[in-house]
Structures are given as C-alpha cells and as structure tokens.
Q: 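This is the structure I want to talk about, given as structure tokens.
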Amino acid sequence: MAVKKTSAEKRHAQSEVRRLRNKAVKSRCHTFAKKFVLAVQQKDRELAQVQLRELQSELDNAYRKGVIKRNAASRKKSRMARLFNKTFATAAEAK
C-alpha cells in the first residue's frame, strides 16, 4: 500500500521550491546591481546605461514574480537612476 504525504510535508516541499526560486531571482538582481555600480565607478557611461536598463528590467521581473514588492523595486530603480544621473551629469557639465 502506498504511503501518502501529509499536507504539512507537501507544504514544506512547496515552500522549499519557492524559497530556492526566490533566492535565485534575488541573486540575479544583486548581480546586475553590482555590475551597474562597477560600470559607474569606472566612469563608463555607455556600459552603465546598458547595465541600468538591464537592472531595471530584472527588478521589474522580480516584482512581477512576487519576489520583491512594488515599492522596493521602485526604490531600487530610483536610487540607481539617481546614481547614474549624479555621476554623469557632473561629467557633462565639466565639458
């Protein structure tokens, strides 16, 4: 006779799968953020612009998947855009 899983065991297995998926999505966001900050620190405007777009897209995906909340995604996008504008606006004014 087959042994059935209890609902608690099934729930735990489901939560573990979700936890690992969420961890992977968050990790991708952190990686994109690090790449963007590195590009800004190197004063590479074109690369930073591309990285910023990719980071914003990744944060939107994380929000859509329910990994992070809407305001958290908006806050991170805003801070990164402000960093980009602050860094490269001063370089444009100096020319």
Side-chain angles (χ1 to χ4, degrees):
M1 185 169 125
V3 178
K4 291 186 178 179
K5 280 189 176 183
T6 64
S7 61
E9 289 170 334
K10 179 179 178 182
R11 201 63 159 133
H12 178 68
Q14 288 175 331
S15 69
E16 185 65 16
V17 167
R18 289 189 186 106
R19 183 184 72 83
L20 293 173
R21 187 179 309 130
N22 292 346
K23 185 178 176 183
V25 171
K26 281 184 185 180
S27 178
R28 280 181 57 88
C29 288
H30 290 306
T31 302
F32 277 96
K34 284 180 190 176
K35 287 180 182 179
F36 168 71
V37 170
L38 186 63
V40 169
Q41 287 173 347
Q42 292 174 349
K43 306 284 188 204
D44 188 350
R45 184 185 175 92
E46 289 77 26
L47 179 61
Q49 202 164 17
V50 170
Q51 294 293 343
L52 178 61
R53 253 180 295 173
E54 289 178 355
L55 172 61
Q56 289 174 337
S57 175
E58 199 60 37
L59 289 170
D60 287 337
N61 283 334
Y63 162 64
R64 260 185 253 115
K65 292 176 181 181
V67 177
I68 60 176
K69 295 191 181 289
R70 180 178 60 184
N71 287 351
S74 295
R75 182 180 64 244
K76 291 169 198 264
K77 286 165 49 175
S78 174
R79 286 180 181 170
M80 293 301 174
R82 190 172 60 200
L83 173 65
F84 178 85
N85 291 336
K86 215 174 189 184
T87 303
F88 296 111
T90 56
E93 291 171 1
K95 288 183 181 178

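Remember, predicted model here, so these are calculated numbers, not experimental data. Atoms considered below: every heavy atom in the structure, side chains included; atoms not considered: hydrogens, waters and symmetry mates.
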Q: Checking Thr31 now: which residues fulfil side chain to side chain contact (heavy atoms under 4.5 Å, CB included) with it, not counting sequence neighbours?
A: Ser27, Lys35

Q: Show every side chain to side chain donor-acceptor pair (under 3.5 Å) that has at least one partner inside residues 13-24, sequence neighbours left out.
A: Arg11-Gln14, Glu16-Arg19

Q: Can you list every pair that meets ring pair (Phe, Tyr, Trp, His ring centres under 6.0 Å) and has a residue in residues 29-86, with sequence neighbours left out?
A: Phe84-Phe88

Q: Give every residue pair that meets the salt bridge (charged side-chain N to carboxylate O under 4.0 Å, His left out) criterion with at least one member in residues 46-64, sequence neighbours excluded.
A: Arg28-Glu58, Asp60-Lys77

Q: At their closest point, which heavy atom of Ala48 faces which heavy atom of Val40, and how far apart are they?
A: CB-CG2, 4.0 Å

Q: Which heavy atom of Leu55 sits nearest to which heavy atom of Cys29, and what is that distance?
A: CD1-O, 3.8 Å

Q: Among residues at least two apart in sequence or on other chains, which ones pass side chain to side chain contact (heavy atoms under 4.5 Å, CB included) with Val25?
A: Ala62, Lys65, Val67

Q: Nearest 0.5 Å, what's the CZ-NZ distance between Arg45 and Lys43?
A: 12.0 Å

Q: Answer yes or no: is there a donor N or O on one side and an acceptor on the other, between the side chain of Ser74 and the main chain of Arg70, under 3.5 Å?
A: yes

Q: Roughly how far, to the nearest 0.5 Å, is CG of Asn61 from CD1 of Ile68?
A: 10.0 Å

Q: Hey, does Leu38 have a side-chain heavy atom less than 4.5 Å from the side chain of Gln41?
A: yes

